[in-house]
Amino acid sequence: MPVLENAYAVAKARNLRVVFPEAGKDVRIDEAAVRLQAEGLAVPVALAEPDAAQLAALLATRPMKEALARRMLQKPLIRAAAMVAAGQADVMIAGAISPTRRVIEAASIAIGMAEGVKVPSSFFLMAFPDGRELVFADCAVNVAPDAAALADIARASAMSGAALLGKARVAMLSFSSGTSGSGASVDMVREAAKLAGVIGPVQADAALNAVIAAAKGVEGGDANVLIFPSLDAGNIAYKLAQELAGAQAVGPFLQGFAKPVCDLSRGASVEDIVAATAVTAAL
């Protein structure tokens, strides 16, 4: 998988500091940290004690009473996120023993969202047997996004796609292409595409095949970042691609935050954690 190989190369070049708030609580995290250090992919840093820099970073991202902020820093996930916000670490990797909602909550509170993005989301890296590599989003976080949230997913996915694939060609998928269809779903996708400034609504075949796109009179045909209108659509699509097309699905990865954050699967292996850290460090 060339994109994964490239992510490893970028991670080695950057050699970023990674904080694992679950270190010492799960042997997989500890083994992955040793491997990352040994292979020069990252520099694991220990979860620091609460300090003034973390407090200031937390208050800057999410204004609140100082006493409340100090209490929040007692939580390892929020403290790790605050370390990233304060510049004491570059990346936060969590989720091996913590629910996704808690990882997202900590990152939202202490790190905040990237410019122009208000909604956190996720993506999968999809590698197909014919050599094509694509980003699928959102397949794990947002169940039924409205137009504004879907536009945020597209913006965040464009940044992820550009970082990992070199150039992001984003298509907002629907059951209809261009102006040929109507209804609440396609109208929502049309509005989201306009807000994000990407191609859409467009059917999946037209998004991926230039001949079909031309026949339907729409832009597209070479998309490498596919935005699905709902979690139903995205999750079904990536699993069908795995089972019927033999695609390799790597992820999901969180996106949309001001600094890199990764939510691990609670079933992640040591190899999965190493790969997830490399990809997150490359974003």
Side-chain angles (χ1 to χ4, degrees), residues 16-26 28-30 32-33 36 42-115 117-123 137-143 145 149 152-153 156 159-160 231 251-268 272-273 276-281 283:
L16 299 181
R17 298 164 298 164
V18 179
V19 58
F20 293 96
E22 298 160 335
K25 300 175 183 177
D26 191 300
R28 296 169 298 165
I29 293 291
D30 299 336
L36 288 162
V43 179
V45 296
L47 183 65
E49 290 299 315
D51 62 21
Q54 296 164 24
L55 180 63
L58 180 56
L59 291 172
T61 303
R62 184 67 63 91
M64 65 183 80
K65 292 184 178 180
E66 185 173 315
L68 175 59
R70 290 185 183 279
R71 288 199 301 272
M72 295 185 77
L73 286 175
Q74 297 302 313
K75 300 179 180 181
L77 287 176
I78 291 180
R79 195 187 321 155
M83 285 177 63
V84 174
Q88 297 172 341
D90 302 302
V91 182
M92 181 176 94
I93 308 291
I97 58 176
S98 302
T100 294
R101 68 181 183 277
R102 295 302 181 199
V103 178
I104 292 176
E105 176 186 64
S108 299
I109 290 172
I111 296 174
M113 306 309 298
E115 185 176 354
V117 177
K118 295 181 180 179
V119 176
S121 58
S122 71
F123 71 92
D138 180 357
C139 303
V141 174
N142 294 280
V143 176
D152 269 358
I153 293 168
M159 289 186 278
S160 298
L231 185 59
F253 299 99
L254 292 181
Q255 61 181 4
F257 293 105
K259 295 186 178 182
V261 177
C262 181
D263 172 48
L264 300 168
S265 165
R266 273 176 278 179
D272 291 336
I273 296 168
T277 303
V279 171
T280 304
L283 291 174

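Remember, it's a predicted structure, so these values are computed and weren't measured experimentally. What you see below is based on every heavy atom in this structure, not just the backbone, and it leaves out hydrogens, waters and symmetry mates.
The shortest distance between side-chain heavy atoms of L77 and S98 falls below 4.5 Å. A heavy-atom distance below 4.5 Å is found between the side chains of M64 and M72. Side-chain contact between L55 and P50 is absent, with no heavy-atom pair separated by less than 4.5 Å. Between L58 and L73, some side-chain heavy-atom pair lies under the 4.5 Å cut-off. By the 4.5 Å heavy-atom criterion applied to side chains, L254 and V141 are counted as neighbours. At least one side-chain heavy atom of F257 sits under 4.5 Å from a side-chain heavy atom of I104. Looking at M92 and V103, their side chains come closer than 4.5 Å, going by heavy atoms from C-beta outward. In this structure, the side chains of I273 and I29 come closer than 4.5 Å at one or more pairs of heavy atoms.
The two atoms that bring T280 and C262 nearest to each other are OG1-CB, 3.2 Å, heavy atoms only. Counting all heavy atoms, side chain and backbone alike, C139 lies closest to L231 at C-CD1, 3.1 Å. Of all the heavy atoms in A42 and P44, the pair that sits closest is O-CD, 3.4 Å. Annotation for A82 and A110: closest pair N-CB, 3.6 Å, computed over non-hydrogen atoms. The two residues A46 and M83 come nearest to each other via the heavy atoms O-CE, 3.4 Å. Of all heavy-atom pairs spanning A137 and Q255, the tightest one is CB-NE2, 4.0 Å.
The local environment of CD in E115 is sparse, with at most 12 non-hydrogen atoms from other residues, nucleotides or ligands closer than 6.0 Å. The number of heavy-atom neighbours closer than 6.0 Å to CZ of R17, taken from other residues, nucleotides and ligands shown, is above 12.
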Dump the intermediate steps for side chain to side chain contact (heavy atoms under 4.5 Å, CB included) on S160 and L283, then the final yes or no. CA-CA 6 Å; S160 298; L283 291 174; 4.2 Å; yes

Intermediate values then yes/no, side chain to side chain contact (heavy atoms under 4.5 Å, CB included), N142 and V119: CA-CA 9 Å; N142 294 280; V119 176; 3.3 Å; yes

Chi angles and distances behind the side chain to side chain contact (heavy atoms under 4.5 Å, CB included) call for D152, M113: CA-CA 10 Å; D152 269 358; M113 306 309 298; over 6 Å; no

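A distance-only check finds a donor-acceptor pair linking the side chain of R28 to the backbone of R266 [under 3.5 Å]. Remark: side-chain polar atoms of E22 are paired, donor with acceptor, to backbone N or O of G95 under 3.5 angstrom. The backbone N or O of E49 sits less than 3.5 Å from a side-chain atom of Q54, completing a donor-acceptor pair. Formation of a donor-acceptor pair under 3.5 Å by the S122 side chain with backbone atoms of P252 is not found in this model. Checking side-chain atoms of R79 against main-chain N and O of L47 turns up no donor-acceptor pair under 3.5 Å. No donor-acceptor distance shorter than 3.5 angstrom exists from the side chain of D138 to the backbone of V143, with no hydrogens or angles considered.
Of the inter-residue distances, the one linking D26 atom CG with F20 atom CZ reads 11.0 Å to the nearest 0.5 angstrom. In this structure, the separation between OG1 on T61 and NZ on K259 is 8.5 Å, given to the nearest 0.5 Å. Here the straight-line distance linking atom CD1 of I153 with atom CZ of F123 works out to 13.0 Å at 0.5 Å rounding.
Salt-bridge formation is not detected for the pair E105/R101: no Lys NZ or Arg NE/NH1/NH2 atom is positioned less than 4.0 Å from an Asp or Glu carboxylate oxygen.
One side chain, T100 or D263, offers a donor N or O that lies under 3.5 Å from an acceptor on the other.
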